[in-house]
Structure formats: structure tokens, C-alpha cells
Protein chains: 2
Amino acid sequence: MPTIYEVAAAAGVSPATVSRVFNGANVSPEKAEAVRKAAKALAFTPSRTARTLRLQSSEVIALVIPDIENPFFTALARGVEDVAHAAGYSVVLCNTDEDHEKELRYLDIALSATMAGVIIAAAGGDSDLSGLLARRCPVVAVDRSPHGVDVDAVTVDNRAGGRAATQTLVEQGFQRIACITGPSDVETATQRADGWRDAVTGGRPAEADDHYLRFADFRGDGGAAAMSELLALPEPPDAVFVANSLMSAGALRVLSEQGRLPPATGVAVFGDLPFLPLAPIPITVVHMPARHLGITAAKLLLERIGGDDQPARTIVLRNQLTRVG
Amino acid sequence: MPTIYEVAAAAGVSPATVSRVFNGANVSPEKAEAVRKAAKALAFTPSRTARTLRLQSSEVIALVIPDIENPFFTALARGVEDVAHAAGYSVVLCNTDEDHEKELRYLDIALSATMAGVIIAAAGGDSDLSGLLARRCPVVAVDRSPHGVDVDAVTVDNRAGGRAATQTLVEQGFQRIACITGPSDVETATQRADGWRDAVTGGRPAEADDHYLRFADFRGDGGAAAMSELLALPEPPDAVFVANSLMSAGALRVLSEQGRLPPATGVAVFGDLPFLPLAPIPITVVHMPARHLGITAAKLLLERIGGDDQPARTIVLRNQLTRVG
DNA sequence: ACCCTGGCAGAAATCGATTTCACCGTCAAG
DNA sequence: CTTGACGGTGAAATCGATTTCTGCCAGGGT
């Protein structure tokens, strides 16, 4: 790990000159050449740590997501990465596992490592962004917007999507439409359930009956468990709206095991099924613009990093309904 | 962003004492209390950057993977994270997108940010780990082991797995067994194809006929394209061994579209199908211990970080054959 | 002949935390 | 009563790159 001083000594110049060579300041051609030669000979790599300490900022942005095994978040990550890389930033992914403790730890790291900015899909409802905001660290919320904090956010219209998906089941004539959604403290989960409720009650929430509503964990096994539970009811549902793709895989597995796959049971899913579409079964899918969420969030963040100081914005992307199978 | 100096001033002590309080050295109870109070009042967070610069090491390990959208790598990541977190380390994920340029960039960052260590699933065959090794930065290769460098590695027996999977197709009486594998410059891809060749030629490689062999990209669309190509042959295959799960999703989609799903066509897959198992179709699956690969790699890395200096080891995990559907 | 401008380069300060070194008391042993 | 040991503490050096600040020198204008 050679330092700038050793390079300077080898090239017969001062450290300042070496620094200038690497940062494109005015240096005479001969010295620049000498420095470059010395640097190459020593395999010199400037210390990012020292640079970051001095400059009080780095070219790394943190992307904090709750579940790295969820294809939605990985697609989102790809979007973020593409934009960030094009702008010369590196992205580090932090997986919180829906755990507030881990989330806090990563946010703390982002702060104390003076990262350029943070894009966060919050675990649960109320993440503590106060530390970041107090230090004026640029933050963009994506998919889920934390309560009570005023930051840029990029989301989709979960309620409308849930409503539209469920509506297709209503129109197909199903009578007992269940809903499997995510944790009750996650905004996107409750909003999608609200959309389901809108559709099954025909817009008369007074008639809401949450008999068929299950809060699971947005994971495959959780979806399977909830589906089993629903099917074990005295009067099992004849259709189900599942609020994300991982849970739908679990739910479909259970339906498959019990021989009740569509079209016997109506199924509508919020989120893409990247691996599923092989089976020729009729399903309604609410397409999530995951990658675009990431792209948009990254662009917003870069604007903030660039010094944009306008009031916080919320961007709501559309999702699209398709039927497969 | 208050510094240790401000805390020291507020508490009426020297910066050294503040540091000692946070690092558990001997400090009188009164001063310790005063420091803690001042730190809380100022919302002081020690700068990781400064700390890292001074200590020449951090508690972050980098996990470099080629495709974050591949469930295999995300499961692996979970394994790494679990072990690392338990040991007090944070994990940052770096997605190289099978791109040597990006990979190099991340390795460079890991080095110049003096991270504690690196776990890498190399993009392509010959990643340049020389920089890391020259600086004695602990490195563990996982899934794929780079050529010509002597580092700890954790892999599975790809050839045996490919052979066993293909063998089940042979035993089912299929005559024309194709193979869809990954890029030809990726070790795991060629090894799995070797296993396929072993099985179809009955161990007489002289009779190898790569007519039915396709190199794709380990992604869904690539698998679909390869499958279409194979089916368009004058004499299409009656079975296929697919070398990873993402490609198998694409391949199955094509088979589904053409009404040739199993059991009409024989299918064997290397890698788990986390989302697929809903459909009651008979498939052979080579189970990959993805999470355990991660766990094992992380443990090895932690040993190295702890100063273990023994010669490099290679650990080969078993994979398990199952039939679903 | 003198001054000014501008390009180039080095000395030294700086970023914030850690740690060595030195120093001061205090208390126990000789 | 002296000496040694030891806990507590601060001053200052250190990690490595960046950046002012300053000075040197050459060339052009008056």
C-alpha cells in the first residue's frame, strides 16, 4: 500500500504535485510523466479513506433494501446501479432483512462514512432518518415512504393497483375473494389491502369484512402458510389477491398441492412473476415498474447531491395490469 | 457532524479521553459520564472514515457477485451476511453484472477503502485479484475460483452435478438430450456442460457431439432463446439439461408456449427453482447449497481476517439431487 | 531597467479519530 | 521517608490525500 509520499519521493517531486497529477491540475509535462511512471511502478492506488476524510464526501451511494431475495428489490437495485454508474458513482447494497436494528446500523454507516447519498426502501413504517437529515445527507425514499419525514419519494399507487387487480376477480364472478398481504406495519402492504377492500366492498368500506384478510411477511413461506390457513376455513375463499410475487409463489404452491390451481381458484398478484410464467394458468398480474422506480430514485438523488434544494417531491409511477395464462 | 474535539470541549476533557470512553479504556467514572452526556447532547457519531484511516482497517467486508438478480447469489449473500453480522462485520454487496470493468472497480474500492476482506464470485474466468493479494487483503473465492491465483475457495462439484442430473434423463430413456449452459468463459458453466457430456456419451468423450450444446448467459431470456433455437433444429432434442435456474425458467416458458412441457420433454436443472415448484411437472433438480456456500466462505474469510495464515484451502460442498412434480 | 502577470511547485495546514509518550498523584512496599 | 508502581489524563504525532499559501522564475509591457 504505497502512499502518495512514496510516489512523490520516487518521482522526485512533492506530494502536492502527485495529487495534482491525479486530479488534473496544472503540472509540467515532464513531472507529470515522472509521477505517472513512479505511480505505475509502485502500483499506487490513492487511499479512498484519506481522500474521503479530506473532502468530506465520497462517490458512493448506499441503497438500503429490506429483502435482497425479493426480485422486486433486486430489479430496483439494477435501475439504481445503471443510473449511478453512468454518473460515476458506485452503489453499495445494504440488506436490512426487515430489521430496524440492521437498518439503523447501515444508516449509521452511511452517515459516518460520509457517503454521497442514500436511497432507502424502509423496513417497517417509521425508519429513523433524522440523523441523515440533520446532517443534510441526501436521502430518497423508494417504494415505501417513511412517516413524518419530508424526503423525496418514489412510489407506485398501491391502492389503485390492489383495487384494479381485485376488480378483475370480481368481474370474473368470484364470490369470496381473499387477500394475502404483507406485514401490517408496512405501508405498501396495508395500501394494497385497502385496494382489495375497495374492490370487494364495491367502494362501501362500511361493509368491509376482514375475515378473508391475512397479513403475512412478503416471503414465499409466509404466503404459503396464509394460503393454507385460508383454505382451511369452513367456507374457504374461491379467489385470492396476493400482494407480492414471492408470497404468490408460496400461495400457488399450496393451491397446486391441493389441486385448486386456477382457473378453479381465481388469482391476482401484485408484482411480476419473473420465474413463474411457464405454467399456462390464468392469473392477473399487476406489473411493477421496479427498475424504473430505481432509475427515478437514483436520478432524484443525483439531483440532490448536485445541490438541488427545492422542497421534497413525491413521484408516483403507474403500474400496469395484464393477464397471463 | 460534531467531532470528537467538540465533544471533548463540551465535556471539559481532552479528545483522547473521549476516544478512550468510546473504546473502553480506563477513564474515571465522572469524566466518562460527562463525555457520554456531551456526546448524546451533540448527537455525536464517530467518523468511520477517520477511524479507518487511523486504524488502517474497517469492519466491512465486500461481497462481489456477478448477478444480483440471480436467486442463487442472493441466497449466498444471505449466508454471508448472517455469519458476518454475528461476528460484528457489515457486508456491502457489489454487483458486477458479469462485467470485468465493474468488478475491477469494486475490487479497487475494497482495497483503497481498506475493507476487512473480500468474498468474490468472479465474473468470467480470470479476475485480477493480484492487487488485493499483494496488499495481503483477505480474499475468498466462492462458486467460481479464478485461475492461477492461490486463494481460499468454496465451490460445488459442478461436473458431478451435471452428470448426475443428465443421467436421470438418460435413465428415463430420452434419446436426444440437449444442454443449455452459461457463458463459455465461466468455469461453472463449462464444468456443468462437461458433466452433461459425461452422461450423454456414457463416459466416452470421444463420442462427444456438441450439436445439442448451447452457451447462453445464465439469464432467463438467454435460456429462452437457446431453447427456441434447439427446438427449431431439424431434429429437436427430446430432453434438456439446463445449467442454472434462471435459464430454466426461460426454457420452461418456451416449452410451455410450444406445448412441450414435461413429461413430453425431459428436463433436468442445476440449481433450485424457488418460485417454480407450483406446477406439477416432473423435473430433476440439482439442489445448490447456496446459503451454505455463503456461510462457509464467510467463516473462511473471518479466519483469515483473524490472522490465520495457513496455505489456501478449497472446500467443495455436495449438492443433492431431487425430483419434483 | 523595472514591474507585473501567470504558470508551476513545494511547505504546511487540514480532515477526525487513535495512540504513544510523558506527567501527575496516590498508595503500597521497603 | 524514599522509591516504585499504577491509574488517569493531556499534548502531540499519526494515518494519506487535498489545498491553500507562498515563492520562484520567465516573459512581456512601459
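Chain letters run A, B, ... following the sequence lines, proteins first, then strands; residues in each count from 1. Values in this document were obtained by computation on a predicted structure and should not be read as measured data.
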Output all residues satisfying side-chain hydrogen bond (donor to acceptor under 3.5 Å, both in side chains) with B:R313, sequence neighbours left out; order by chain, then residue number.
-> B:D152, B:E303

So the side-chain hydrogen bond (donor to acceptor under 3.5 Å, both in side chains) pairs with at least one residue in residues 9-22 of chain B (sequence neighbours excluded) are B:S14-B:T17, B:S19-B:N23

Using the salt bridge (Lys or Arg N to Asp or Glu O under 4.0 Å) rule, collect all pairs that involve residues 74-92 of chain A, keeping only residues at least two apart or in two chains.
-> A:R78-B:E69, A:R78-B:D97, A:D82-A:R291

Got a sec, which residues hit side-chain hydrogen bond (donor to acceptor under 3.5 Å, both in side chains) with A:S130, two or more places apart in sequence or on another chain?
-> A:D128

The helix from C:dA1-D:dT30 to C:dG30-D:dC1: angle between terminal helix axes, five bp per end, to the nearest 10 degrees, reads 60°

So, do A:F44 and A:F22 have ring centers that fall under 6.0 Å from each other?
-> yes

Sorted by number, residues from residues 29-43 of chain B placing a heavy atom under 4.0 Å from DNA chain C are none

What is the minimum heavy-atom distance between A:S90 and B:I109, and which atoms define it?
-> OG-CD1, 3.2 Å

Tabulate atom names and distances for all N/O pairs under 3.5 angstrom spanning the protein and nucleotides 16-19 of chain D.
from   : atom 1 : to    : atom 2 : distance (Å)
D:dG16 : N2     : A:A50 : O      : 3.4
D:dA17 : OP1    : A:S47 : N      : 3.1
D:dA17 : OP2    : A:I4  : N      : 2.3
D:dA17 : N7     : A:Y5  : OH     : 3.2
D:dA17 : N6     : A:Y5  : OH     : 3.2
D:dT18 : OP1    : A:R51 : NE     : 2.7
D:dT18 : OP2    : A:S19 : OG     : 3.1
D:dT18 : OP2    : A:N23 : ND2    : 3.2
D:dT18 : O2     : A:R54 : NH1    : 2.3

For residues 134-142 of chain A, please give each side-chain donor-acceptor pair under 3.5 Å, one per line with the distance, not counting sequence neighbours.
from   : atom 1 : to    : atom 2 : distance (Å)
A:R135 : NH2    : B:A43 : O      : 2.4

Summary of salt bridge (Lys or Arg N to Asp or Glu O under 4.0 Å) pairs that have at least one residue in residues 25-42 of chain B, sequence neighbours excluded = none

Are more than 12 heavy atoms from other residues, nucleotides or ligands located less than 6.0 Å from atom NE2 of A:H85?
-> yes

Presence of B:N26 side-chain N/O under 4.0 Å of D:dG8 phosphate oxygens OP1/OP2 | yes

Answer yes or no: is there an ion pair linking A:E98 with A:R144, defined by an N-O contact shorter than 4.0 Å?
-> yes

Would you jot down, in residue-number order, the residues of residues 108-118 of chain B having a non-hydrogen atom under 4.0 Å from DNA chain C?
-> none

By ring pair (Phe, Tyr, Trp, His ring centres under 6.0 Å) - contacts of A:Y89 (at least two apart) | none

Residues in side-chain hydrogen bond (donor to acceptor under 3.5 Å, both in side chains) with A:S112, at least two apart?
-> B:R48

